[in-house]
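For the single chain, residues carry numbers from 1 onward in sequence order.
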Amino acid sequence: MDSTDDDARRLSIPERFDRLLALCASSRFLEMRGIGNEVPFFICPYAPREAVEMQRLAHQLAARLALEKGIQVLEVDLYDLSITLLQERGIWDQLLAVESETPKDQLLETLQNVLDPETHLVPAIAARLDTQPFDILFLTGVGEVFPYIRSHNVLNNLQRYAKRHPTVLFFPGDYDQKRETGTSLNLFDIPHDDKYYRAFNIYHVEA
């Protein structure tokens, strides 16, 4: 974790809310200025123990942006979306019925196949991007879908669809950006070798 991430975690939840509200409402952020030719992906890291508070923050932030600024946020909860996809495939009830007696590795393989980011999950997100007007995309529920969905796989496959507006991934862990070891998404602050370098730490971005 670098010093900026550590400083951000020292901020109270209300202080982080105010900082994110100012940033997301700024024309520089909305117009994606200052990021060059990079994809407009921003990681909002937080301590895993703050998951409930940060989920609430994301909802409240979206509501305030819409009410006070007229900025529309499309919220996609990866866990809720996963359940929806399983229900649409007609296997949600089957999984619940056999979960307790199915080996975990077999269950994991099934979920990874059915919710594969490239073929199923990200196309479902892309469909929402095409049918709902929005100014910013919020992605939440990252911790709830681990390990059958990995954040870097979602972002890698989302790159070709989410270029017109900023995307903010609320991440329960550390977005580690070190010259020596490269850039990685460490969910729950545990290194998982989830390499992803094309996103910006939102706390490093100027309003």
Please report the interatomic distance [atom1]([X]) to [atom2]([Y]), rounded to the nearest 0.5 Å.
| X | Y | atom1 | atom2 | result |
| --- | --- | --- | --- | --- |
| Ser82 | Trp92 | OG | CH2 | 9.0 Å |
| Tyr46 | Phe171 | OH | CZ | 9.0 Å |
| Asn37 | Arg198 | CG | CZ | 9.0 Å |
| Leu86 | Leu111 | CG | CG | 6.5 Å |
| Phe17 | Ser12 | CZ | OG | 12.0 Å |

Count the heavy atoms belonging to other residues, nucleotides or ligands that lie under 6.0 Å from CZ of Arg164, then report whether that count exceeds 12.
no
Hey, can you pull the donor-acceptor pairs under 3.5 Å for the side chains in residues 20-28, sequence neighbours left out?
unit_1	atom_1	unit_2	atom_2	d
Ser26	OG	Leu23	O	2.7
Ser26	OG	Phe29	N	3.3

Atom pairs and distances, side-chain donor-acceptor, residues 54-65, under 3.5 Å, sequence neighbours left out:
unit_1	atom_1	unit_2	atom_2	d
Gln55	NE2	Asp77	OD2	3.0
His59	ND1	Glu75	OE1	2.5
Arg64	NE	Glu68	OE1	3.3
Arg64	NE	Glu68	OE2	2.7

For residues 93-103, which side-chain donor-acceptor pairs fall under 3.5 Å, sequence neighbours excluded?
unit_1	atom_1	unit_2	atom_2	d
Gln94	NE2	Gly90	O	2.9
Thr102	OG1	Val98	O	2.6

Using a strict cut-off of less than 4.0 Å between a Lys/Arg side-chain nitrogen and an Asp/Glu carboxylate oxygen, indicate whether Glu50 and Arg16 qualify as a salt bridge.
yes
Short side-chain to backbone donor-acceptor contact, Tyr175 and Ala199, under 3.5 Å
yes
Are the side chain of Asp189 and the backbone N or O of Asp174 linked by a donor-acceptor pair below 3.5 Å?
yes
Write down the atom of Pro172, the atom of Pro48, and the distance for their closest heavy-atom approach.
O-CG, 3.7 Å
Between Val168 and Cys44, which heavy-atom pair has the shortest distance, and what is it?
CG1-CB, 4.1 Å
Can you list every salt bridge (charged side-chain N to carboxylate O under 4.0 Å, His left out) pair that touches residues 108-122, not counting sequence neighbours?
none
Could you go through residues 120-149 and list every donor-acceptor pair under 3.5 Å that involves a side-chain atom there, pairing it with any protein atom two or more places apart or in another chain?
unit_1	atom_1	unit_2	atom_2	d
Thr131	OG1	Ala127	O	3.0
Asp135	OD2	Gln72	N	2.7

Qualifying residues under side chain to side chain contact (heavy atoms under 4.5 Å, CB included), relative to Glu88, sequence neighbours excluded
Thr84, Leu85
